[in-house]
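Take a look at the structure below.
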Amino acid sequence: MDDCIFCKIIKGEIPSKKVFEDKDIVAFNDINPKAPVHVLVVPKKHIESLANVDAANKDLLGKLLIAVSEIARKTNVDKSGYKVVANNGEGAGQLVLHLHFHILGGWMSKPHWQV
Ligand code: AMP
Ligand code: ZN
């Protein structure tokens, strides 16, 4: 999608701090973090949200959740705990209409962090 921020990040047209990449998925730090660790896990395929998936996306959705688990380990939030959030649709606060999972964590290392 030409006017999609995350598609532009995937194509390298907008810079990002990548923490993970493979042929199907990219993950990068959120530009406006809501937690000490705030990573977005994004499929390279442009899918608008979970409202737009079906059984044809089974493998990709499985890979995304496994990537979430691996990135949580890599960013050291797996033991202290983390939230995984997907906003679906404007009424849920989805600003970027390209499916993504937020990984939010790291509060234990910065106990005074305010969310
Ligand atoms: P959502 O509201 O679930 O669509 O979340 C979109 C997220 O994308 C927000 O947390 C933004 O801070 C983040 N975001 C927007 N633009 C960028 C960007 N260029 N690089 C990294 N994160 C971004
Ligand atoms: Zn996109």
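One is the number of the first residue; the rest follow in order along the sequence. Each ligand, and each atom within it, is numbered from 1 in the order the structure gives.
The closest approach of His98 to the Zn ion (ligand 2), by N/O/S atoms, is made by ND1. Shortest distance from the Zn ion (ligand 2) to His46 is reached at ND1 (N/O/S atoms only).
Ring planes of Phe28 and Phe6: perpendicular class, angle over 60° (limits at 30 and 60°).
For atom 4 (O) of ligand 1, the choice among Leu95, Ile14, Asn29 with the nearest heavy atom turns out to be Leu95. Comparing Ile5, Leu97, Asp30 against atom 11 (C) of ligand 1, the shortest heavy-atom distance belongs to Asp30.
In terms of protein heavy atoms, atom 22 (N) of ligand 1 is closest to Ile31 N, 3.1 Å. Of the protein's non-hydrogen atoms, the one nearest atom 19 (N) of ligand 1 is Ile9 CD1, 3.8 Å. Of all protein heavy atoms, the one lying nearest to atom 1 (P) of ligand 1 is His100 NE2, 3.2 Å.
Contact annotation: for Leu40 versus ligand 1, heavy atoms closer than 4.0 Å belong to the side chain alone. When non-hydrogen atoms are compared, ligand 1 lies under 4.0 Å from neither the backbone nor the side chain of Phe101.
A ring-centre distance under 6.0 Å is not found for His98 and His100.
Heavy-atom separations between Gly93 and ligand 1 include at least one value shorter than 4.0 Å.
A 4.5 Å side-chain heavy-atom check between Glu90 and Leu97 finds at least one atom pair inside the cut-off.
An N or O contact shorter than 3.5 Å links His102 to ligand 1 by distance.
Note on Asp24 versus Lys63: salt bridge recorded, some NZ/NE/NH1/NH2 to OD/OE distance being below 4.0 Å.
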